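Data block below; observations after.
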Amino acid sequence: FVFYCTLEGPGRKKQERAFTTDFIMSDSEEYEYEYDDDQDEEMDNAFEYSDEEEEADDGEIQLENEYYNAKGLRETDLGEAAAAFEKVIELDREGGNENGQWSYKALKQLVKLYLRAGDTNEILRHYNRMLTCIAQGNISPNSVEKGVNGMLDRVSSLLQGNSLSKVEDAQKLASQVYECTVKLFDPKGNGSVPNDRLWFKTNLKYGQLLYETNETTKLSALLRDLKTTQSQGPESSFTSSTSTSSSSSSSTHLMEIYALQIQLYSRQKDNKKLREVFNRAMAVRGGIPHPRTIALIQEFGGKMHMAAKEYEAAGKTFFQAFKSYDEAGDPNRLRCLKYLVMASMLHASTINPFDSQEARPYRDDPQIVAMTNLVQAFHSNDIQAFEKILRENQGRIMHDDFVREHIHELLRTIRRQVLCRLISPYTRISLQAIAKELNDIPVSDVESLLVGLILDGKLDGEIDQLEGILLKKQVTSSDSQAKQEQLCESLDQIASALEGFSNYCSAGRLKDNSRHMRGMAH
């Protein structure tokens with residue numbers, strides 16, 4: 001919708017200004033408000049007057065009205081709207097203000113139009129025109145940052161497409177957009193419009209794209225560039241308050257770099273470097289990184305602990321990642337909750353993760369209920385129910401590559417638990433009987449489980465493979481008596497040592513007292 005209002009001010013004539021408000025009707029006939037990232041800037045400037053402004057410029061008013069009329073055409077006809085914005089640019093040029101603020105605004109709208117249409121060639125062409133306008137025009141830094149950040153966020157949102165072909169096209173477009181943006185705002189003297197914040201933010205987005213497209217060589221080079229620039233901050237020249245602010249910003253940026261680094265090393269399976277970076281990230285103090293950044297670092301830290309079979313540490317780290325994702329309102333919290341449950345079971349913990357205050361609200365979530373039932377079966381040592389839940393929830397549990405990678409170890413853990421409980425009352429038991437109790441697994445798997453228990457010192461016995469039985473060693477009375485005698489002998493030695501020490505101390509005290517008495521007599 002387009003609406004007009006008449007503005008008056010002291011010493012200025014009446015002028016009519018147009019404003020647009022965009023409403024889009026969805027298929028369900030509900031209205032949604034579409035936010036325009038330059039709308040707040042327009043409204044801020046709408047009622048500002050300058051003492052020097054005696055009379056409004058007719059050309060400026062015409063440009064403004066043409067611009068808002070063009071915005072009003074966006075929902076009706078894409079071609080007409082594009083032509084109208086081109087007219088705004090032409091009028092700005094004819095007025096001797098090439099690459100002025102109205103040209104910049106019109107170019108932003110053209111990029112948005114073609115983003116909506118999905119025309120990658122036109123998106124890139126008009127985005128490059130917008131960057132040229134920034135480089136050659138007189139656009140305020142605030143407008144530049146708002147405009148470019150808005151474009152980067154819109155381009156990033158394209159990467160969430162559904163079909164593979166659309167995602168590939170979006171990745172190619174995003175790569176080109178990030179490259180030309182980084183080149184323009186390079187703060188190291190190579191960019192025509194140096195801007196640290198825009199350069200850093202664009203590089204982070206570009207780095208994430210390189211990670212997703214598995215271009216590890218380019219990502220490694222980008223990370224080196226980011227770390228080099230980060231380490232060259234002129235902190236020594238700042239005042240105390242500015243230095244504090246700079247230090248906080250530096251810590252925040254450092255955490256974002258570490259998050260990207262950790263993803264790279266995880267992809268490369270370089271657990272040594274991953275552990276080094278994770279420990280450095282956890283030691284960073286100051287700064288206010290986004291909870292999502294912290295959650296990402298903690299999630300990959302948990303995966304690192306899982307790879308090293310440090311299940312207790314993995315559970316604690318996944319729990320912190322879950323809380324950080326929850327704080328950010330990120331749906332990835334459910335994924336981390338699954339990892340937490342899995343780490344808890346692999347650690348053979350008796351504590352149910354869903355008993356915590358933070359996790360309890362999600363125990364009945366459709367994506368989590370399968371894991372909830374899995375934990376209950378695990379703590380009940382119900383191997384039949386455990387495997388049945390896995391079979392019936394293939395989509396919800398096994399679709400995750402990380403979960404699928406550890407399912408075999410999880411099954412082995414619950415089988416070991418059930419096996420220990422099963423053989424405890426027996427001195428000899430058939431391997432075939434054990435296999436049947438463990439849901440008819442192969443006898444070779446039973447042998448593997450028993451060998452593991454024997455090597456871990458949790459079972460004192462031997463396997464008779466010819467007869468197919470387990471023979472548990474019994475503790476005889478003579479063995480028991482020998483152990484008791486050994487214990488008594490050890491206790492006697494300790495008592496003798498304590499008695500000798502006590503006598504030594506007593507002799508020392510008597511000697512000191514004798515010297516003291518002789519001194520008094522003299």
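Please read these numbers as outputs of a predicted model, since none were measured by experiment. Residue indices begin at 1 and follow the sequence shown. Note that these values count all heavy atoms, side chains included, but never hydrogens, waters or copies made by symmetry.
A donor-acceptor contact shorter than 3.5 Å is absent between the side chain of Ser266 and the backbone of Gln263. Distance alone, capped at 3.5 Å, places no donor-acceptor pair between the Ser175 side chain and the Gln171 backbone. At least one donor-acceptor pair closer than 3.5 Å links the side chain of Tyr104 to the backbone N or O of Ser143. Remark: the backbone N or O of Lys272 is not paired with any side-chain donor or acceptor of Arg275 at under 3.5 angstrom. Judged by distance alone, with hydrogens and angles left aside, the side-chain atoms of Ser251 form a donor-acceptor pair with the main-chain N or O of Arg285 at under 3.5 Å. A distance-only check finds no donor-acceptor pair linking the side chain of Arg154 to the backbone of Lys112 [under 3.5 Å]. The closest donor-acceptor contact from the side chain of Thr252 to the backbone of Ile288 lies under 3.5 Å. Counting only distance, with no hydrogens or angles, the side chain of Thr120 and the backbone of Leu173 share no donor-acceptor pair below 3.5 Å. Under a 3.5 Å cut-off, the side chain of Ser156 and the backbone N or O of Leu152 do form a donor-acceptor pair.
Taking every heavy atom of both residues into account, Ile397 and Ala370 meet most closely at CD1-CB, 3.9 Å. For the pair Val375 and Pro353, the tightest heavy-atom approach, listed with the atom from each and the gap, is CG1-CD, 4.3 Å. Across Ala106 and Ile89, no two heavy atoms sit closer than the pair CB-CG1, 3.8 Å. Nearest heavy-atom pair, Ile368 versus Lys338, reported as atom, atom and distance to 0.1 Å: CD1-CG, 3.9 Å. Scanning all heavy atoms of the two residues, the minimum distance from Leu131 to Cys180 falls at CD1-SG, 3.7 Å. When every heavy atom of Ile389 is checked against every heavy atom of Ala377, the shortest pair comes out as CD1-CB, 4.2 Å.
Within the structure, every pair that satisfies the salt bridge (Lys or Arg N to Asp or Glu O under 4.0 Å) test and touches residues 76-103, not counting sequence neighbours, is listed here: Glu66-Lys87, Glu86-Arg129, Glu90-Arg93, Arg93-Glu98.
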Please walk me through it: do Tyr339 and Met306 pass side chain to side chain contact (heavy atoms under 4.5 Å, CB included)? CA-CA 10 Å; Tyr339 298 165; Met306 289 284 280; over 6 Å; no
Check the pair Val193, Val144 against side chain to side chain contact (heavy atoms under 4.5 Å, CB included), reporting the backbone distance first and the verdict last.
CA-CA 10 Å; Val193 187; Val144 169; 5.7 Å; no
Going through the checks in order, is the side chain to side chain contact (heavy atoms under 4.5 Å, CB included) test met by Asn214 and Thr216? CA-CA 6 Å; Asn214 203 24; Thr216 55; 3.7 Å; yes
List the steps, then state whether side chain to side chain contact (heavy atoms under 4.5 Å, CB included) holds for Tyr67 with Gln109. CA-CA 10 Å; Tyr67 172 76; Gln109 294 298 332; 3.3 Å; yes
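Residue Asp119 qualifies as enclosed at atom CG: its count of foreign heavy atoms under 6.0 Å is above 12. For Ile407, the CD1 atom sits in a packed shell: over 12 heavy atoms of surrounding residues, nucleotides or ligands are nearer than 6.0 Å. For Arg197, the CZ atom sits in a loose shell: 12 or fewer heavy atoms of surrounding residues, nucleotides or ligands are nearer than 6.0 Å.
By the 4.5 Å heavy-atom criterion applied to side chains, Leu73 and Asn69 are not counted as neighbours. By the 4.5 Å heavy-atom criterion applied to side chains, Trp102 and Leu91 are not counted as neighbours. Side-chain contact between Arg74 and Phe85 is present, with heavy atoms from C-beta onward closer than 4.5 Å. Taking the side chain as every heavy atom from C-beta outward, Glu60 and Gln101 approach each other to under 4.5 Å. Taking 4.5 Å as the limit, some side-chain heavy atom of Thr317 sits within range of a side-chain heavy atom of Phe278. Leu226 places a side-chain heavy atom less than 4.5 Å from the side chain of Trp199. Looking at Tyr325 and Leu337, their side chains never come closer than 4.5 Å, going by heavy atoms from C-beta outward. In this structure, the side chains of Lys309 and Leu346 stay at 4.5 Å or more apart for every pair of heavy atoms.
Glu122 is linked by a side-chain hydrogen bond (donor to acceptor under 3.5 Å, both in side chains) to Arg125, His126, counting only residues two or more places apart in sequence or in another chain. With sequence neighbours excluded, no residue satisfies ring pair (Phe, Tyr, Trp, His ring centres under 6.0 Å) with Phe319. Partners of Glu392 under the side-chain contact (heavy atoms from CB on, under 4.5 Å) rule, at least two apart in sequence or in another chain, are Lys388. Remark: Tyr311 pairs with no residue by the ring pair (Phe, Tyr, Trp, His ring centres under 6.0 Å) rule, at least two apart or across chains. Asp401 pairs by the salt bridge (charged side-chain N to carboxylate O under 4.0 Å, His left out) definition with Arg404, not counting sequence neighbours.
Note that CD of Glu145 is 4.5 Å distant from CG of Leu198, once rounded to the nearest 0.5 Å. Put simply, NE2 on His290 and CD on Glu327 are 9.0 Å apart, with the number rounded to the nearest 0.5 Å. Between Glu299 atom CD and Asn332 atom CG the span is 6.5 Å, to the nearest 0.5 Å. Taking CD from Gln268 and CG from Leu274, the interatomic distance works out to 10.0 Å, rounded to the nearest 0.5 Å. One finds the CG atom of Leu78 at 10.0 Å from the CD atom of Glu75 (value rounded to the nearest 0.5 Å). Annotation: the span from Met151 atom CE to Ile123 atom CD1 amounts to 10.5 Å, rounded to 0.5 Å.
A cation-pi arrangement is found for Lys303 relative to Phe300, the charged atom lying closer than 6.0 Å to the ring centre and inside a 45° cone about the ring normal.
A side-chain hydrogen bond (donor to acceptor under 3.5 Å, both in side chains) with Ser324 is found for exactly one of Arg292, Arg333, Gln298, namely Gln298.
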